[in-house]
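Every chain is numbered from 1 and lettered A, B, ... according to where its sequence line falls, protein lines coming before strand lines.
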Amino acid sequence: MPCFALVDCNNFYVSCERVFNPKLEGIPVIVLSNNDGCAVARSNEAKKLGIKMGTPFFQCKDLLYKNNGKALSSNYALYGDMSCRVIQTLQQFTPELEIYSIDEAFLSLNGFGNLTSYAKKIRSTVKQHTGIPVSIGIAPTKTLAKVANKIAKKNIAGVLDLATENMDSLLESVEVGDIWGVGYRYAAMLNKYGITNARQLRDCDDTFIKKKMTIVGLRTLHELRGESCIALELMPSSKKAIGSSRSFGKPVTDINELLESVSDYVSRAGEKLRQQNSATSAMQVYLSTNPFKNQPQYANAVSCSFPATSYTPELIRYAQACLKQIYRKGYAYKKTGILLSGFSPANAVQLNLFAEPSQDRASQKAIMSALDSINQKYGTNTVSYASSGISKIWKMLQSLKTPCFTTRWSEIPVVRA
DNA sequence: TCTGGGGTCCTAGGACCC
DNA sequence: TCTGGGGTCCTAGGACCC
């Protein structure tokens, strides 16, 4: 029987911040989404106050501050780097590991001895090497490992091997909506049929579940029964779409500022595109007003396709042309975004019969790789496109951000002894 | 005043082909 | 008045994940 362990960092973003600022220990802490909009990570103390995932900051600010809590802007450079350190530590414990998200990894523990004590060792080593607390759930399928992890989070040891438990009563204690793969819509549907906990779902009729939840739901069902259907993915697969979008710090009406924003997003996406050695042949551009505001609303999207390329200036031209198609004067816009798709390997790009002689692919490639390596070495936007603007008044707000402790020389913490 | 961003997969239905 | 059957491809929309 296969054996999976799910290692999940506790309150990951908050824990990263605490590593570099011990004053954050023991008090309610939340980390905010872009624009300091919503709470996307909460310390246990903040959870206890009743602050839910995704709560808008303006709604929980008073409660948080009244309880001596602290809010921080998100610092993705820090979290990304800390995530790498956790993964590096985990790799010492098994050769088979899947990086599932920024704060989670599935490990294969096939053939290992006493799993509970091994997991405890993993846990204490990660804490020692990185300062990050993790919880570990162990089970014969990924879905059950997720369940085990959820329960492990609640006990002191932070580790749970499902094989040591009474499955029926344990699954009965898990709400159906807490199962991996069951979102709030499916949970509501299942509840309507009287299915409220994981044991009831496990014992459902296959045909019924397939009809209501497609073969994806059926897979979940089988996994709950202990039949492994979702394999470990050891190699990260390349992306099939790359998007970039942002909400603005304040409403934008001027088309020139919107053009700057899409140009900026396209150049970010272009970097990611080249990183995975792909070329793109399709793009979608969208924009919208603020749906939370009582004001005239407008949202639209348009797609275009073109000969495969990974040359940012070309992508910027397409993006700006698309935006001009859907822009309407007189609205206060809150957000724009772009999405690249239709990928092919960059080294197998079809030559364009109608290309202008000036489009010299080799020199375009050289320019892009020079630009990418400068920005990688000296930081994002060291060199950027004129069309992305300089003022960037549409830029997002991040007033509570901590330093990039581990990724910028100038922001490294100083220890005075 | 103030409400995130980046992905994946599946299915139904329409267009199109022979 | 009567109007096939089988297949593929693409897209939009809906579900999910972190």
Paired nucleotide for B:dC18 [Watson-Crick or G-U wobble; both distances under 3.5 Å] | C:dG5
With heavy atoms under 4.0 Å as the rule, sort A:Lys239 into base, sugar-phosphate or nothing.
-> sugar-phosphate
Any side-chain N or O of A:Lys250 less than 4.0 Å from the OP1 or OP2 oxygen of B:dC2?
-> no
Between A:Gly54 and A:Thr214, name the one whose nearest nucleotide on DNA chain B is closer to the 5' end.
-> A:Gly54
Would you mind telling me which of C:dC16, B:dC10, B:dT3 lies closest to the side-chain atoms of A:Phe292?
-> B:dT3
Scan A:Leu32 against the nucleic acid and name what it touches under 4.0 Å (heavy atoms): base, sugar-phosphate only, or nothing.
-> nothing
State which of B:dG4, C:dC18, B:dG7 makes the closest approach to the side chain of A:Val40.
-> B:dG4
Select from A:Ile242 and A:Pro56 the residue whose nearest nucleotide in DNA chain B is closer to the 5' end of that strand.
-> A:Pro56
Which whole-number value in Å describes the distance from A:Tyr186 OH to C:dG14 C1'?
-> 8 Å
Side-chain atoms of A:Cys38 come closest, of C:dC18, B:dG4, B:dG6, to B:dG4
For this output row, return yes or no: ring centroids of A:Trp180 and A:Phe4 closer than 6.0 angstrom.
-> no
Would you indicate which nucleotide in B:dT3, B:dG4, C:dC18 comes nearest to any side-chain atom of A:Gln59?
-> B:dT3
Considering only side-chain heavy atoms of A:Lys240, which listed nucleotide, B:dG4, B:dT8, B:dG6, is closest?
-> B:dT8
Touch class at under 4.0 angstrom, heavy-atom based, for A:Lys293 against every strand present = sugar-phosphate
From NZ of A:Lys142 across to P of C:dC18 the rounded distance in Å is 12 Å
Of the listed B:dG4, B:dT11, C:dA15, the closest approach to the A:Asn34 side chain comes from B:dG4
Charged N to carboxylate O under 4.0 angstrom, A:Lys210 versus A:Asp206?
-> no
Calculate the interatomic distance between A:Met53 atom CE and B:dG5 atom P; express it in whole Å.
-> 14 Å
Step through it carefully: locate the ring centre of A:Phe112, locate the ring centre of A:Phe93, and say whether they are under 6.0 Å apart.
-> no
Ignoring hydrogens and angles, tell me if any N or O in the side chain of A:Glu17 forms a donor-acceptor pair with the backbone of A:Leu72 under 3.5 Å.
-> no
Proximity to the side chain of A:Arg246 - top-ranked nucleotide from B:dC9, B:dG5, B:dC10 | B:dG5
Run the numbers on A:Lys250 and A:Glu257 for salt bridge (Lys or Arg N to Asp or Glu O under 4.0 Å), then give the verdict.
-> CA-CA 12 Å; A:Lys250 51 181 164 182; A:Glu257 282 161 17; over 6 Å; no
More than 12 non-hydrogen atoms from neighbouring residues, nucleotides or ligands closer than 6.0 Å to NZ on A:Lys401, yes or no?
-> yes
Whole Å only: how far is the CZ atom of A:Phe57 from the P atom of B:dT3?
-> 12 Å
A:Asn290 side chain N/O closer than 4.0 Å to the phosphate oxygens (OP1, OP2) of B:dT3?
-> yes
Presence of A:Ser244 side-chain N/O under 4.0 Å of B:dG6 phosphate oxygens OP1/OP2 = yes
Indicate, with a heavy-atom threshold strictly under 4.0 Å, whether A:Ile179 touches base, sugar-phosphate, or nothing.
-> sugar-phosphate
Atom CD1 of A:Ile51 and atom P of B:dT3 are separated, to the nearest Å, by 18 Å
Whole-Å distance, A:Ile209 CD1 to C:dC16 P, equals 13 Å
Starting at CD of A:Gln276 and ending at P of B:dG6, how long is that distance when rounded to a whole Å?
-> 15 Å
Reckon A:Tyr184 touches a base, only the sugar-phosphate, or nothing at all at heavy-atom distances under 4.0 Å?
-> sugar-phosphate
Is the number of heavy atoms from other residues, nucleotides or ligands under 6.0 Å of A:Glu411 CD greater than 12?
-> yes
Please report, rounded to the nearest Å, how far the P atom of B:dG6 is from the OH atom of A:Tyr286.
-> 7 Å
Contact class for A:Asp103 vs. all strands (heavy atom < 4.0 Å): base, sugar-phosphate, or nothing?
-> sugar-phosphate
Picking from C:dC18, B:dC10, B:dG5, the nucleotide nearest the side-chain atoms of A:Lys146 would be C:dC18
Among C:dC18, B:dG4, B:dT3, the nucleotide that comes nearest once only the side chain of A:Ser247 is considered | B:dG4
Side chain of A:Ser101 - closest among C:dC18, B:dC10, B:dT3 | C:dC18
